[in-house]
Structures are given as structure tokens and as C-alpha cells.
Amino acid sequence: MPATDFDLIVIGGGINGAGIARDAQGRGLRVLLVEQDDLAQHTSSASTKLIHGGLRYLEYYEFRLVRKALQEREVLLRAAPHIIRPMRFVMPHDQSMRPEWLIRAGLFLYDRLSKRELLPGSETVQLSTHPAGPPLREQYHKGFVYSDGWVDDARLVVLNALDARERGATILTRTCCVGAERLSDRWQIRLRDQISGVVSIVSARALVNAAGPWVASLLRQELNVQSSHALRLVKGSHIIVPKLFDHAYAYIFQNPDRRIIFAIPYERDFTLIGTTDIEYRGDPAKVVINDDEVRYLCEMANRYFRKMVEPADVVRTYSGVRPLLDDTATNAASVTRDYWLELNTSGGAPVLSVFGGKITTYRRLAEEALESLLDALKMPAHCWTALAPLPGGDIPGGDFERFLAAVRIRYSWLPEATLYRLAHAYGTRIHGVLCNAQSVAELGEEIFPGFYLAELQYLCDEEWAQTTDDILWRRTKLGLRVTEDGQKALMRSVDFMKRSNPA
């Protein structure tokens with residue numbers, strides 16, 4: 001890393017940190033982002049993968065949060081139509097849960113809290129004639145349908161970091177902050193490369209602590225700064241099972257404990273079910289689902305689906321720790337998903353800490369973070385991200401289907417499943433991934449079915465991928481399909497590339 005002096009250092013390579021780094025670099029600051037592991041390795045790749053207003057938050061009177069999230073839903077759908085897409089959600093009406101009038105009122109408000117241009121409004125449907133009806137148990141006759149969005153959460157993080165780097169930011173993954181000295185006008189930060197062990201010192205006029213579940217411990221231990229806010233760690237777990245339905249609708253289910261779970265079509269052949277809300281006090285890096293959570297998600301799904309889901313059906317699980325602002329709520333499910341930005345300037349150079357938040361509002365959070373630092377960094381206000389597409393998202397008119405049709409013509413030699421996946425993952429960057437190839441043979445070795453050397457080279461060179469998990473579970477979701485032999489072949493290819501390019 002040739003540069004050692006920056007305007008802003010952002011610690012944390014989740015969605016908030018990547019969003020702040022992108023926004024700051026676009027305002028002309030010299031930015032360094034450091035992440036102790038891979039981008040989106042923790043909370044930001046363990047979400048339910050929704051861009052949504054949060055319908056259930058209306059019950060907790062979180063109107064400001066829901067309105068803000070609904071506004072951002074429209075912004076993000078335009079910014080990245082390749083990795084974010086509209087989705088219709090079906091809520092079967094359970095007579096023992098919330099009354100029909102309450103649900104109608106909630107959806108009426110949900111449709112109108114923010115201007116809606118891209119998504120259709122809500123409606124009441126008869127499940128006996130609706131495509132989402134047949135997979136459900138016979139006692140569910142009426143349903144409510146509304147709109148939200150789906151997102152590839154880990155790729156959203158990577159695209160923000162990629163845009164930041166292309167605008168001039170320095171992005172260091174697998175780099176840990178191991179100490180800091182606060183001076184009157186700047187921070188001096190000690191960084192350790194997690195692979196080589198080499199320690200270096202960098203400095204900046206301001207610091208952003210976007211360390212997610214580690215935000216409080218980083219403040220207290222490495223930065224030696226006291227905070228007036230507390231963090232509440234809540235574990236959310238998901239299960240993935242072979243697909244339970246063939247249509248494109250997702251489900252939102254009400255349950256006896258007053259919680260809701262989603263059942264979402266996932267990676268074409270699977271259904272994603274989640275999430276749980278459990279207080280967590282362990283190491284955020286070691287969070288895993290437990291047997292009770294698996295049973296809970298299966299049982300809640302079985303209240304609605306005709307086809308039974310058993311723990312033995314689960315093909316994959318994942319868990320994440322949500323770093324929520326502690327609002328003294330009595331149960332984990334009702335803790336606010338809003339965020340708080342705490343600026344500390346009392347001991348010298350400024351440090352801004354991010355408490356809480358949700359993936360849908362990350363861009364607005366980043367804007368507000370930079371606005372908090374305007375005076376400290378002596379920079380003009382320049383909000384720009386609301387109208388700027390993310391890498392690969394500059395699809396004319398945001399019309400992904402038209403873009404996909406054009407890609408099919410240009411790469412007619414590429415297998416349909418592979419082309420569809422690449423178009424969704426990379427958008428207009430697909431041409432760089434395929435290196436203007438004219439045939440499958442020009443993509444290099446097929447490391448495992450549908451994954452070629454050209455894509456691996458792109459992910460390692462452009463998107464900071466260094467391990468098989470980076471590739472199989474965060475840059476792609478091919479881990480759901482790859483065999484053990486395929487994993488071994490990928491590992492050999494990754495190791496070979498590291499030896500060939502030690503830098």
C-alpha cells in the first residue's frame with residue numbers, strides 16, 4: 001500500500017462501511033477502507049436478502065424508518081437492476097393471527113408512506129385461484145399481496161467497494177486494526193495484514209467505525225473512546241431447502257409467537273426460509289445456527305405449506321449477528337432496525353461510529369455519515385449517490401429483461417444457465433468477465449460445471465476474492481451446486497493463481 005496518509009479511514013467492509021467509503025471517495029476525499037476478513041463475510045452476507053420497507057415495523061410505530069426504507073427501495077432498484085429485482089410477497093391470512101382489517105390498514109399505509117413508481121401496490125387475493133395458493137394448506141383461503149425487492153446482499157457490498165476503488169479509494173481486505181493513536185488533528189492507525197502478519201501505520205484526518213458487531217469493542221479497546229450508546233447483538237438464522245414451489249412469488253408467514261418468517265424462491269432450485277431473532281453474546285465471527293432454530297423454522301413453514309419441511313431436508317444454513325442499537329426493547333424481534341451515528345470530537349481528531357442499521361437504508365446512512373463529517377473534514381456538501389448506478393447497473397432504462405435478451409444474442413454460444421447467472425451477477429460488467437470471448441473454449445478451463453477460468457481470474461483480480469468460500473458463497477452462490485470434486489478443483493486453481501501472482 002503505497003499511500004499512508006488519507007482524509008478518511010473506514011474500518012469495516014460490510015454494507016455500511018463500503019457504502020460510506022464509496023460516498024466519501026465520490027466527494028473527492030482520499031479514502032482507505034480496511035476489513036479484517038473478506039468483504040461482507042459476516043452480517044452483510046447473512047441477511048434475508050431483501051430490499052424492503054419492513055412491513056412488520058409498522059406494528060412498532062417505526063413510521064420514520066419504514067418511510068426512509070421505502071424511499072431507498074426505489075433508489076436501489078434503479079441503481080442495481082442486475083442484483084436487485086422486484087418481488088411480490090404473499091401473506092396468507094391466518095384467522096388466529098392479526099385481523100383482516102389490521103393487515104389491510106397496514107398495507108394501505110405501506111403503499112402510501114413513500115412515493116412508489118417502480119412497484120405495483122398491494123391487493124387482496126383468493127388463494128384458490130392465485131398461483132401462490134396450491135403450495136399452501138387448504139385452510140388458507142384469502143391472501144394479501146404486496147411488493148418489495150430481493151437483493152444479492154454480498155454482491156451489493158462488493159459493488160460499493162468496487163465503485164469506491166474505481167473512484168480512487170484504497171480497499172484492504174484481510175487487514176485488521178490492531179491499535180490507534182488519537183492526535184489533535186488526525187488518527188494514526190496500526191494495521192496488521194492477516195495473511196503476512198506485517199504491521200503498517202497509516203493516518204487520516206477522520207475515522208469511521210463501521211465494524212458492525214465489533215463497533216463497540218473497537219471503540220473501547222483499539223480506539224480508547226467511550227460511547228454513550230450500547231449495542232445489542234441479535235442472531236438471525238436461515239435455512240435453505242429444495243424448492244417448495246415453482247412460481248416466482250415469495251411468502252411472508254405470521255406465527256403464534258407474533259414473529260414473521262419469509263419463504264423466498266432462491267437460486268432457481270431452492271427455497272430460503274428465515275429468519276430467527278435470538279439474543280447473542282458469543283464471538284460474532286463464530287455464530288452458527290442451532291438445532292432449535294432449525295426446528296423452529298421448519299415448524300413455522302409447516303404451518304403453511306402442504307409439503308412438509310424436515311431438518312433432514314436442509315441443504316445449507318447460515319447465521320449472522322445483527323448489531324442493533326439497544327433501545328431497551330423487551331424481546332429481540334422488536335429491537336429497532338434504525339441506526340444511530342455517534343460523532344466524537346472531544347479527544348482530538350473525529351471518529352464517527354455506526355450503531356445499527358439495515359441493508360435497505362445503507363446508502364442513506366452513508367449520506368448522513370458524510371454530512372456529520374462535513375465540518376470536521378472541511379468539505380462542501382455534495383450528495384451524489386442517489387442517481388449514480390452501481391457497477392454493472394448502468395442498464396439502459398433499468399430494463400434487465402431487454403439487457404438479458406441482448407446478452408443472449410451476443411453470447412449465444414454460452415449455456416443458458418451460465419449466461420443467466422452471469423448477467424444477473426455482473427450486469428454490464430459481464431463483457432469484462434467474459435473478456436470478449438467468442439466461444440466457450442476461449443473462457444479457459446471449466447473448473448466445475450458452469451464456472452470457467454475467466455470468471456475466476458476476474459473475481460481474484462477485480463473483486464478481492466482469495467478463497468473458495470469467497471467465490472462459492474459470497475461472489476456467487478455456486479456452493480449450493482458444486483460437488484466435492486468441484487470444490488477441490490477450485491481450490492487447486494485458486495492456489496495456483498496465488499502462486500503465480502504472489503502480490
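Keep in mind that this is a model prediction, so the values were computed, not measured. Every heavy atom of this structure was used, including side-chain atoms; hydrogens, water molecules and symmetry mates were not.
With sequence neighbours excluded, the residues satisfying side-chain contact (heavy atoms from CB on, under 4.5 Å) with A437 are W413, E442, L443. Applying the ring-ring contact (aromatic ring centres under 6.0 Å, His included) test to Y452 and every residue at least two apart in sequence or in another chain returns nothing. Among residues two or more places apart in sequence or in another chain, the side chain to side chain donor-acceptor pair (under 3.5 Å) test is passed with E342 by S227, S228, H229. Considering only residues two or more places apart in sequence or on other chains, Y249 meets the ring-ring contact (aromatic ring centres under 6.0 Å, His included) condition with H130, H247. Under the rule for a side chain to side chain donor-acceptor pair (under 3.5 Å), the partners of T48 that lie at least two apart in sequence or sit in another chain are H238. In this structure, Q221 has no side chain to side chain donor-acceptor pair (under 3.5 Å) partners at least two apart in sequence or on a different chain.
Between T476 and R481, the side chains place no donor N or O within less than 3.5 Å of an acceptor N or O (distance only, hydrogens not considered). Side-chain contact of T360 with E72: a donor-acceptor pair under 3.5 Å is absent, judged by distance alone. D461 and Q457 share a side-chain donor-acceptor pair at under 3.5 Å. Side chains of D153 and S45: no donor on one and acceptor on the other come within 3.5 Å. At a cut-off of 3.5 Å, with distance as the only test, no side-chain donor of H52 or Y57 sits close to an acceptor on the other residue. Judged purely by distance below 3.5 Å, without hydrogens or angles, the side chains of R67 and S114 never pair a donor atom with an acceptor atom. Side-chain atoms of E368 and Y339 include a donor-acceptor pair closer than 3.5 Å.
The pair E293-K235 counts as a salt bridge, with a side-chain nitrogen and a carboxylate oxygen less than 4.0 angstrom apart. By the 4.0 Å N-to-carboxylate-O rule, R174 lies too far from D37 to be salt-bridged with it. Looking at K358 and D338, no side-chain N of the basic residue comes within less than 4.0 Å of a carboxylate O on the acidic one, giving no salt bridge. Here E267 does not pair with K49 in a salt bridge; the nearest charged N to carboxylate O distance is not below 4.0 Å.
Checking side-chain atoms of W187 against main-chain N and O of P350 turns up a donor-acceptor pair under 3.5 Å. At least one donor-acceptor pair closer than 3.5 Å links the side chain of Q438 to the backbone N or O of N436. No donor-acceptor pair closer than 3.5 Å links the side chain of T276 to the backbone N or O of I278. Judged by distance alone, with hydrogens and angles left aside, the side-chain atoms of Y266 form no donor-acceptor pair with the main-chain N or O of V241 at under 3.5 Å.
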| message | ring pair (Phe, Tyr, Trp, His ring centres under 6.0 Å) for F262 and F253? Distances and angles first, verdict last. | response | CA-CA 6 Å; F262 294 97; F253 295 148; 9.2 Å; no
| request: Under the side-chain contact (heavy atoms from CB on, under 4.5 Å) rule, what do T175 and Q36 come out as? Steps first, then yes or no, please. | output: CA-CA 5 Å; T175 302; Q36 64 181 344; over 6 Å; no
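Taking 4.5 Å as the limit, some side-chain heavy atom of T271 sits within range of a side-chain heavy atom of I273. Side-chain contact between V315 and F270 is present, with heavy atoms from C-beta onward closer than 4.5 Å. A 4.5 Å side-chain heavy-atom check between L32 and V34 finds at least one atom pair inside the cut-off. In this structure the side chain of L377 never reaches within 4.5 angstrom of the side chain of L374, judged on heavy atoms.
Residue pairs meeting the salt bridge (Lys or Arg N to Asp or Glu O under 4.0 Å) criterion with at least one partner in residues 186-196, sequence neighbours excluded, are D5-R186. Within the structure, every pair that satisfies the ring-ring contact (aromatic ring centres under 6.0 Å, His included) test and touches residues 9-50, not counting sequence neighbours, is listed here: H42-W214. Applying the salt bridge (Lys or Arg N to Asp or Glu O under 4.0 Å) test to pairs two or more places apart or on separate chains, those with a residue in residues 426-436 are E166-R429. Under the side-chain hydrogen bond (donor to acceptor under 3.5 Å, both in side chains) criterion, the residue pairs touching residues 388-406 are D394-T428, with sequence neighbours excluded.
A centroid separation of 6.0 Å or more is found between the aromatic rings of Y426 and H431.
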Give the table of side-chain donor-acceptor pairs shorter than 3.5 Å for residues 13-27, with sequence neighbours excluded, one pair per line with atom names and distance.
from: R22; atom 1: NE; to: D163; atom 2: OD2; distance (Å): 2.7
from: R22; atom 1: NH2; to: D163; atom 2: OD2; distance (Å): 3.4
from: R22; atom 1: NH2; to: A388; atom 2: O; distance (Å): 3.2
from: D23; atom 1: OD1; to: R27; atom 2: NE; distance (Å): 2.6
from: D23; atom 1: OD1; to: R27; atom 2: NH2; distance (Å): 3.4
from: D23; atom 1: OD1; to: W384; atom 2: NE1; distance (Å): 3.3
from: Q25; atom 1: OE1; to: V31; atom 2: N; distance (Å): 3.2
from: Q25; atom 1: OE1; to: A169; atom 2: N; distance (Å): 3.4
from: Q25; atom 1: NE2; to: L29; atom 2: O; distance (Å): 3.0
from: Q25; atom 1: NE2; to: R167; atom 2: O; distance (Å): 3.3

Sequence neighbours excluded and cut-off under 3.5 Å, please list the side-chain donor-acceptor pairs for residues 75-85, or say none.
from: R78; atom 1: NH2; to: E117; atom 2: OE1; distance (Å): 2.6
from: H82; atom 1: NE2; to: P391; atom 2: O; distance (Å): 3.1

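In summary, of the residues considered (D469, D152, D38, D470), a side chain to side chain donor-acceptor pair (under 3.5 Å) with R475 occurs for D38 alone.
Heavy-atom contacts from other residues, nucleotides or ligands closer than 6.0 Å to CD of E484 number 12 or fewer.
Distance check, rounded to the nearest 0.5 Å: CG of L70 to CD1 of I51 gives 11.5 Å.
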